[in-house]
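Heads up, the thing below is written out as C-alpha cells.
In this text, all values refer to a predicted model and were calculated from it rather than measured experimentally.
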Amino acid sequence: MTVSTDDIVRHAARLLFAGSRLDLGRMAAELGISRTTFFRRVGNRDDLMGAGLRLLSDRTWQRALDHWHERHGDAVRSPDGRLRCLGVMEEYRREVAASEGMRKLIEAESTVALRVLTDPRGAVQPALVDAHVDLFSADAEAAGLTPLVDLPDLAFAVVRLGESFLYADVLAARTVDLKVATTLLDTLVRGALEPTTPR
C-alpha cells in the first residue's frame with residue numbers, strides 16, 4: 001500500500017493529539033516506508049510538526065463552527081446578540097487550552113512547539129489567520145457591519161493576542177486566563193466592526 005503525504009501528516013496529528021513525541025525514524029518504520037521516502041514526502045521534523053498541528057487546528061476550528069450551527073443554525077448572532085465569530089473564537093481557544101496533547105508538547109518542547117505554532121510563515125498561524133478572516137467577512141456581511149480596519153489585520157491581531165494568552169505560561173510565566181482573553185478579544189473585534197445602519 002502506498003503511503004501518501006496526507007497519511008504521514010494524519011499519523012503525526014494522532015501522535016501529537018495523544019501527547020507522543022514525533023520520532024521520525026520510528027514513524028517511518030510504523031508506516032512501512034524508508035526514512036528517505038519519509039523525508040522526501042514531509043520535509044524535516046519542524047515541517048511535519050507544523051503540518052500535524054495545522055490539521056489539529058483546522059479540525060478544532062471546524063468543531064467550534066459546527067457547535068455554533070448545532071446551537072444557533074445559520075444565525076450570525078446568538079439570542080443575546082453575540083456575534084458568531086466571538087463564540088467560535090472562544091470555543092476554539094477553550095478546546096486548544098484543554099488539549100492534553102498540546103500541553104504535553106509545549107511542556108516537553110516549548111521552544112520548538114512555540115516556534116512552529118507562532119511562525120508567521122509556517123503552517124499553523126497563517127491558516128488560522130485565514131480562517132478568522134473568512135469568518136469575520138461572513139459575519140460582517142450577514143450582520144451588516146463595516147469593518148474599521150482591514151480584516152487580515154484584525155485577524156492577525158486576534159490570533160497573535162490569542163496566542164499570548166493560550167501560551168502565557170511559557171511565553172511570559174503567567175497563568176493562562178481564558179476569561180480575560182475572551183473579554184479582551186471580544187472587545188477588540190466588536191470595536192473593529194461598525195454597523196452600516198443603526199440597529
Side-chain angles (χ1 to χ4, degrees), residues 9 13 16 46-47 49-72 74-78 80-99 102 105-106 113-172 174 176-196 199:
V9 171
L16 290 166
D46 280 15
D47 294 334
M49 183 182 291
L53 288 171
R54 176 181 174 173
L55 180 56
L56 293 176
S57 177
D58 289 348
R59 289 175 175 173
T60 302
W61 184 261
Q62 187 59 53
R63 279 195 299 272
L65 281 169
D66 291 345
H67 192 203
W68 174 275
H69 290 300
E70 288 168 7
R71 289 175 295 174
H72 307 298
D74 293 329
V76 72
R77 293 187 185 274
S78 61
D80 64 358
R82 191 179 190 210
L83 277 171
R84 171 176 53 192
C85 59
L86 303 181
V88 171
M89 287 160 45
E90 181 180 17
E91 184 152 345
Y92 174 87
R93 290 191 301 273
R94 185 167 53 243
E95 188 166 337
V96 171
S99 169
M102 185 66 75
L105 173 65
I106 291 175
L114 289 175
R115 181 175 69 239
V116 171
L117 286 165
T118 64
D119 184 353
R121 294 168 300 280
V124 184
Q125 189 193 91
L128 188 56
V129 170
D130 287 345
H132 279 73
V133 171
D134 290 344
L135 187 55
F136 290 155
S137 178
D139 281 13
E141 182 177 355
L145 304 174
T146 300
L148 296 177
V149 298
D150 289 340
L151 293 181
D153 292 331
L154 175 60
F156 181 73
V158 165
V159 170
R160 289 294 285 152
L161 186 55
E163 290 169 349
S164 72
F165 277 94
L166 280 172
Y167 315 125
D169 49 346
V170 177
L171 290 171
R174 295 170 60 94
V176 175
D177 192 328
L178 295 182
K179 185 175 180 180
V180 171
T182 294
T183 298
L184 287 174
L185 288 166
D186 281 17
T187 300
L188 173 62
V189 173
R190 285 197 306 266
L193 300 176
E194 178 181 74
T196 55
R199 289 190 223 167

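- Between His72 and Trp68, the ring planes lie tilted relative to each other; the angle falls in the 30° to 60° range.
- In this structure, CG on Leu83 lies 8.5 Å from CZ on Arg190, to the nearest 0.5 angstrom.
- Taking the six-membered ring where the residue is Trp, Trp61 and His132 present tilted rings, their angle falling between 30° and 60°.
- Within the 4.5 Å cutoff, the side chain of Phe136 has no heavy atoms near those of the Leu193 side chain.
- Although no hydrogens or angles enter the test, the distance criterion places no donor-acceptor pair under 3.5 Å between the side chain of Ser99 and the main chain of Glu95.
- Side-chain contact check for Leu166 versus Leu117: every heavy-atom pair is 4.5 Å or farther apart.
- For residues 138-158, no pair satisfies ring pair (Phe, Tyr, Trp, His ring centres under 6.0 Å), with sequence neighbours left out.
- Listed here is the closest heavy atom pair of Gly191 and Leu148: O-CD1, 3.2 Å.
- Nearest heavy atoms, Tyr92 versus Ser57: OH-OG, 2.7 Å.
- Contacts of Glu90 classified as salt bridge (charged side-chain N to carboxylate O under 4.0 Å, His left out), with partners at least two apart in sequence or in another chain: Arg82, Arg94.
- Separating the CE atom in Met102 from the CG atom in Leu53 is a distance of 5.0 Å, to the nearest 0.5 Å.
- Put simply, the side chain of Pro147 does not reach to within 4.5 Å of the side chain of Leu154, judged on heavy atoms.
- Using a 4.5 Å heavy-atom threshold, the side chains of Leu135 and Met89 count as separate.
- Sorted by first and then second residue, the salt bridge (Lys or Arg N to Asp or Glu O under 4.0 Å) pairs involving residues 126-144 (not counting sequence neighbours) are Arg84-Asp139.
- Within the structure, salt bridge (Lys or Arg N to Asp or Glu O under 4.0 Å) pairs that include any residue of residues 117-128 comprise Asp119-Arg121 (at least two apart or interchain).
- Taking 4.5 Å as the limit, every side-chain heavy atom of Thr60 sits out of range of all side-chain heavy atoms of Glu91.
- Ala157 approaches Leu188 most closely through the heavy-atom pair CB-CD2, 4.3 Å.
- Heavy atoms only, all atoms of each residue included: Gly52 and Ala13 are closest at O-CB, 3.8 Å.
- Between Met49 and Ala113 the shortest heavy-atom distance is SD-CA, 4.3 Å.
- Taking Arg54 as the reference, Asp58 meet the salt bridge (charged side-chain N to carboxylate O under 4.0 Å, His left out) condition, with sequence neighbours excluded.
- You'll find the side chain of Leu16 stays beyond 4.5 Å of the side chain of Leu55, heavy atoms only.
- Remark: side-chain polar atoms of Thr182 are paired, donor with acceptor, to backbone N or O of Leu178 under 3.5 angstrom.
- Not counting sequence neighbours, Asp150 has no partner by the salt bridge (charged side-chain N to carboxylate O under 4.0 Å, His left out) test.
- The minimum heavy-atom distance between Asp177 and Phe165, with the atom names listed, is O-CD2, 3.7 Å.
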